[in-house]
Amino acid sequence: MTRTARAFWLRSPGHGEIREVDLAGPGPEDVVVRTLYSGVSRGTETLVFRGGVPENQYTAMRAPFQDGEFPGPVKYGYLNVGLVEEGPASLRGRTVFGLYPHQTHYVVPASAVTPVPEGVPAPRAVLAGTVETAVNAAWDAAPLLGDRIAVVGAGMVGASVAAVLSRFPAVRVQLVDAEPARAEVARALGVDFALPEEAAGGLDLVVHASATEQGLARSLELLAPEGTVLELSWYGDRRIGVPLGEAFHSRRLTVRSSQVGTVSPARGGRRSYGDRMALALELLADPAFDALVTGECGFEELPEVLPRLASGEIPGLCHRVRYAAESAVSSV
């Protein structure tokens, strides 16, 4: 007997489709998960959809359970919340988060899913992968008591970073974005907001997440002498200029990279990937994070919706995908 499920595939850049896929038979240490919700990572995933992954980054950009190869056909995604229907007794019936693409059912090792804590609704838990990135950025940034901080770029990652950093004692966090409507997101998260030209300067730390050349330049301008820009943006196949002239050297500024693919060296010896994900899910007990989900569609609508997300026709932050409650694994 072969089990089948339905999955979203990028057939070629800019063109997606729903395909029927075969599921592997679960082993004794595997789980069978029925997806409840998945999330579209508006930055990375829409870049993949447009075919913007540089060839020399094909290996580095692979999602944990990706099928196919860039630029396509490829099954890509990593924000998935589902219900364990089969597996070890400790997980059966539990809601879990997994780094899996958009698919109605899937089979993975039990170690590849993380239970969603009580008090974290399944619809909100799709943000776990993004909040995990914010946790890693906070470990890399290592803010100090009373630091003055800006996060430039109020997308999914930037807004999550601002929310996490605002929980540090006595820090001042300002979320900076060129889109005035993002002020509502900042207000919901409990942080200040400013347009780029109005942002406060003299900062100890700026986290840059706008993925624009202008955003990086403004981030450097906002720093106090000996301040640091932590660069979270990923530019894909675009080349950008970094303003290293003028007062960059005399002010002794620093630009550091941060990437979620590796646990921050500040915690790498003491925290695992699982520890980091569990912490991200704990943080999602705060309902303020609901402000990051700004749209929703059904799974069957993805081939029509993703082009509109990639083009910017549908604005916002995280786009949540819901799955039919009555969906079942097909057997042939």
Side-chain angles (χ1 to χ4, degrees), residues 117 119-120 124 127-177 182-194 196 198-210 215-216 218-233 253-260 262-273 275-292 317-318:
V120 177
R124 189 187 306 152
L127 296 166
T130 305
V131 176
E132 181 190 22
T133 300
V135 168
N136 208 60
W139 285 346
D140 280 335
L144 298 176
L145 185 72
D147 270 359
R148 298 157 299 176
I149 303 171
V151 179
V152 175
M156 284 178 65
V157 170
S160 296
V161 171
V164 170
L165 291 178
S166 70
R167 286 153 173 75
F168 282 76
V171 302
R172 187 192 75 195
V173 178
Q174 188 171 65
L175 189 57
V176 179
D177 198 275
R182 296 290 167 87
E184 292 298 321
V185 175
R187 186 175 299 111
L189 295 174
V191 299
D192 293 334
F193 177 82
E198 299 169 353
L203 304 179
D204 304 292
L205 169 69
V206 177
V207 179
H208 179 233
S210 81
L216 178 54
R218 185 59 177 144
S219 296
L220 287 165
E221 292 171 352
L222 295 175
L223 288 175
E226 301 191 2
T228 296
V229 168
L230 188 72
E231 177 60 276
L232 288 184
S233 300
L253 303 181
T254 298
V255 179
R256 291 185 55 212
S257 66
S258 178
Q259 210 278 335
V260 72
T262 301
V263 174
S264 169
R267 293 293 181 272
R270 302 186 299 278
R271 299 290 189 277
S272 67
Y273 290 98
D275 294 332
R276 190 176 66 182
M277 179 59 75
L279 176 56
L281 282 162
E282 287 179 23
L283 291 171
L284 283 169
D286 187 343
F289 283 100
D290 286 333
L292 303 186
L317 301 177
C318 178

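- Listed here is the closest heavy atom pair of V191 and A162: CG1-O, 3.8 Å.
- L253 CG to E221 CD: the interatomic distance, rounded to the nearest 0.5 Å, is 11.0 Å.
- D286 places a side-chain heavy atom less than 4.5 Å from the side chain of R167.
- At distances below 3.5 Å, at least one donor-acceptor pair connects side-chain atoms of Q174 with backbone N or O atoms of A200.
- When every heavy atom of V164 is checked against every heavy atom of A138, the shortest pair comes out as CG1-CB, 4.0 Å.
- In this structure the side chain of D140 reaches within 4.5 angstrom of the side chain of P265, judged on heavy atoms.
- L189 places none of its side-chain heavy atoms less than 4.5 Å from the side chain of S166.
- Shortest non-hydrogen contact noted between A137 and L230 is O-CD2, 3.5 Å.
- The closest side-chain heavy-atom distance from T254 to L223 is not below 4.5 Å.
- Looking only at side-chain heavy atoms (C-beta outward), L203 and R172 come within less than 4.5 Å of each other.
- The side-chain contact (heavy atoms from CB on, under 4.5 Å) with V131 is formed by just one residue from the set V161, L283, V157; it is L283.
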**OP:** Starting from the C-alpha separation in whole Å, work towards a yes-or-no answer on side-chain contact (heavy atoms from CB on, under 4.5 Å) for L292 and T130.
**Re:** CA-CA 10 Å; L292 303 186; T130 305; 5.6 Å; no

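- In plain terms, the two heavy atoms of A199 and V176 that are nearest each other are CB-CG2, 3.8 Å.
- Atom CG of residue D290 and atom CG of residue L284 lie 9.0 Å apart, to the nearest 0.5 angstrom.
- Closest heavy-atom contact between A280 and A128: CB-O, 3.7 Å.
- Taking CG from L165 and CG from L175, the interatomic distance works out to 10.5 Å, rounded to the nearest 0.5 Å.
- Residue G215 comes nearest to S210 through the heavy atom pair CA-OG, 3.5 Å, listed as atom of the first residue, atom of the second, then distance.
- Judged purely by atom type and a 3.5 angstrom limit, R182 has no side-chain atom pairing as donor or acceptor with the backbone of D177.
- E132 has its side chain out of reach of S160: every pair of non-hydrogen atoms, C-beta onward, lies at least 4.5 Å apart.
- Side-chain contact check for C318 versus L127: some heavy-atom pair is nearer than 4.5 Å.
- Formation of a donor-acceptor pair under 3.5 Å by the N136 side chain with backbone atoms of Q259 is found in this model.
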**OP:** Show your working on side-chain contact (heavy atoms from CB on, under 4.5 Å) between L222 and V152 and close with a plain yes or no.
**Re:** CA-CA 10 Å; L222 295 175; V152 175; 4.2 Å; yes

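- Under the 4.5 Å side-chain criterion, counting only non-hydrogen atoms from C-beta, R276 is in contact with V260.
- Atoms CZ and CG, on F168 and D147 in that order, are 10.0 Å from each other to the nearest 0.5 Å.
- Within the 3.5 Å criterion, the main-chain N or O of G202 finds a donor-acceptor partner in the side chain of R148.
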